[in-house]
Every structure is written in structure tokens, then in C-alpha cells.
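Keep in mind that the numbers below use all heavy atoms, side chains included, and drop hydrogens, waters and symmetry copies. Sequence lines set the chain letters: A, B, ... in the order given, protein chains first and strands last, and positions in each chain run from 1.
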Number of protein chains: 2
Amino acid sequence: MKLKIGELAKMTGCQVVTIRYYEKEGLLERPERTERNYRLYGDGDIARLRFIRHCRQHGMSLAEIRTLLVYSDHPTGSCDWINRLIRTHIEAVEQQIRDLEHLKTHLESLYHKCDGNREGGCGILKSLIDGENCQYCQARQRRPGQERA
Amino acid sequence: MKLKIGELAKMTGCQVVTIRYYEKEGLLERPERTERNYRLYGDGDIARLRFIRHCRQHGMSLAEIRTLLVYSDHPTGSCDWINRLIRTHIEAVEQQIRDLEHLKTHLESLYHKCDGNREGGCGILKSLIDGENCQYCQARQRRPGQERA
DNA sequence: TCTTGACCCTATAGCGACTATAGGCCCTAT
DNA sequence: ATAGGGCCTATAGTCGCTATAGGGTCAAGA
């Protein structure tokens, strides 16, 4: 049974535009077409898209997934590279959790700085202007990026 | 004492290009210029840039910071909005931590799936193809985005 | 005096992973 | 016959920077 793009989208929880985007990026092969030029997908495509989505859910970049797909399509003797990839991801995730925990304590101390009115100025704004003496902040000033929380 | 852009950058741990970008985005006012057209910054600018950087380190978007700056420039009687903003951020951060913890357990179970060789196929790849029965994954399939780990 | 290098300027394009918009064809139901 | 949904392509926009190109300014050293 062949699926149209909308059906594949529904099955995989992936948006239609995203599927087309993956095709453009070379992650999905160009599928069959109907005589009306509609894309038609088979079982292999479903599995491949699921693979891509699982990888994305595990925080892998499209570039990494591309390489994983090559390994998957042409198996070699060892999977050292794959092991390293997973290990690296685990470490990155751990670092992100630490950063977020720290950010959370900051935000909470900020939250307690407001007494509910602006007499004498809002404590939150004041703290944001003055900043706080914090190793974390100093460190983050030197390596910006990934600051979107 | 007036500062050139590079000096301001050094003081705040912000890159020169980023300062110019904030100006273009209307977060920083257009500063004085020397007769050679170099930007010159005063104390007010330093404080304002520090404010912006602190907010960014707390994960606020430039749009939110823009609004905060308006509040800061034109104080009103209440800071409900600011309180809600911080509260919302704390909740978002908590959600991200939960997501990442879950992701970490997934990655770890994945890591243990590889026995070091490819005889019969790599367990990691197999798991990625098949996915795992997991509420988390199902949920994420329905609300994508924020998947960059 | 010349040149080197660090700093400054503007304008524009690129990053990643989508998302949105415009403009148009196809198909079914009312 | 027309309205609504799904499909197509191509292009631009999102966010918060970052990089590149192409040029002017300025102080120190050979």
C-alpha cells in the first residue's frame, strides 16, 4: 500500500512540509509519483522517516543523521563511530541539564526579588540591571550561544 | 569616560558585531559618533547592554527584552507582567529539564544496545529504526520543535 | 617614510531546521 | 458550479547571531 504525503505525515507525526524538506536535503529519496505528480511512499520510506524522526527526537542534527543513514545503508564491520556519537550526545545533554538547573536557581532568586509594587523600583528589573556576582554568568559571557531557554 | 565599541565589548563580554546587531534591532540607542564616525558609548549604554546580556543569560528573547526595556524606561505602577514573564520562564526551564532527563535515559538505553560489532546488525541502529514504545516519543511526534539537544 | 596590524565602518549572506506565503492544479461533495 | 481540502513548486522569513567582503583610521616599529 502506497501512501500520499499527507498520510505519511499523519503516520509519523511529521509535517508535510518537513517531509518535503528532508527530501530536498537528501535524507529521503525522491519517491515515486502518480501521473498527477503526487508523491507516493512505500514501507521503506516509512521506516526511513521514522528513523530520522527518532534520531531528531534524540537531538541529532540532520548532518549526523545523514551519516548514520549511510552507515545504515552500507554496514561496515564496526560501529565505533555510532557509539561515540551517542556517548557525545549523552554528555551534551548532561551539560545542558546542569546549565538549566543553574539558570533555574537564578530565575527563582530573581522571582523572589519583587515585592509586588514599583515603589522604589522593581527588584527584578534592578537585579537584571545590576546582574549578580556569579561564576556561571561570567563563564557564559565568555562562551555565548545556546542561551535560549 | 566614553568608550569605543571594542572597549564596551570587552567590558560586557559581548561581541562587537552583537552590539551593532542590538543597535540595528533597536535594543540599544544609536550612540554618539566621533568625527571619524566611530561609535562612542557612555555609562547609560553600558548599563543597558549589561541588562540585555543578563536577560539573554536568563533565556529571554530579544522581543521580551525589548518590552522589559520599555517597562524599565517608563515605569508603571505594577510589575505583574514582569512577574509573569519570570514565572513562565521558570516553568519553561523546568519542562526542558524534564525533557532532557527523559532524553538522557533514552540515549543511555540506546548506548547499551551495541555489543561492539555489526554481526547481525548494530543494536543502536536497529533501535533507531524501530523506535521504542515510549509515551515521550509519541508526545514529541505531536508537538515537534525544541528538539535540539 | 613606509608598512604592518589592530581597530573601526557598512552591507550582505549564511547558519539550522524548519515555517509561512503565494500562486496554482486536482478531486470530491454539495 | 463552487467550496474545501489536499497536493505541487518556489521563495522568503524565523531567531540570534556569525562570517565575509571591501574599505577607512591610527599608532608603533623598521
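When the side chain to side chain donor-acceptor pair (under 3.5 Å) test is applied to B:Tyr38, no partner is found at least two apart in sequence or on another chain.
Residue B:Tyr38 places a side-chain atom within donor-acceptor reach of the base of D:dG24, judged by atom type and a 3.5 Å distance cut-off alone.
Proximity of A:Arg36 to the phosphate of D:dC7: no side-chain N or O atom is located under 4.0 Å from OP1 or OP2. Within the structure, every side-chain polar atom (N or O) of B:Tyr21 is placed at least 4.0 Å from both OP1 and OP2 of D:dC15. For the OP1/OP2 pair of D:dC15 and a distance below 4.0 Å, the side-chain nitrogens and oxygens of B:Ser61 include no atom meeting the criterion. For A:Gln15, no side-chain nitrogen or oxygen approaches OP1 or OP2 of C:dC18 to under 4.0 Å. Taking side-chain N and O atoms only, B:Arg33 has a distance below 4.0 Å to OP1 or OP2 of C:dT10. Considering only side-chain N and O atoms, A:Arg56 lies under 4.0 angstrom from the phosphate OP1 or OP2 of C:dC18.
Within 4.0 Å (heavy atoms only), B:Arg39 reaches sugar-phosphate atoms of the nucleic acid but no base atom.
Ranking C:dT10, D:dC17, D:dC7 by closeness to the A:Val16 side chain, first place goes to D:dC7. Of the candidate nucleotides C:dC7, D:dC7, D:dC17, C:dC7 has the atom lying nearest to any side-chain atom of B:Lys10.
For the side-chain hydrogen bond (donor to acceptor under 3.5 Å, both in side chains) test with B:His89, the passing option among B:Glu64, B:Glu94, B:Arg84 is B:Glu64; the others fail.
For the 3.5 Å distance criterion, the side chains of B:Tyr22 and B:Arg48 fail to qualify, holding no donor opposite an acceptor. At a cut-off of 3.5 Å, with distance as the only test, no side-chain donor of B:Gln57 or A:His106 sits close to an acceptor on the other residue.
Place B:Val17 and A:Glu23 on DNA chain D by their nearest nucleotides, and A:Glu23 ends up nearer the 5' end.
Going from atom CE of B:Met60 over to atom C1' of D:dC15 covers 17 Å, rounded to whole Å.
Residues from residues 1-9 of chain B lying near DNA chain C, meaning a heavy-atom separation below 4.0 Å, are B:Lys4, B:Ile5, B:Gly6 in numerical order.
Counting heavy-atom neighbours within 6.0 Å of B:Glu101 CD, excluding the residue itself, gives a total above 12.
Using a cut-off of 4.0 Å between Lys/Arg side-chain N and Asp/Glu carboxylate O, A:Arg39 and A:Glu32 are scored as not salt-bridged.
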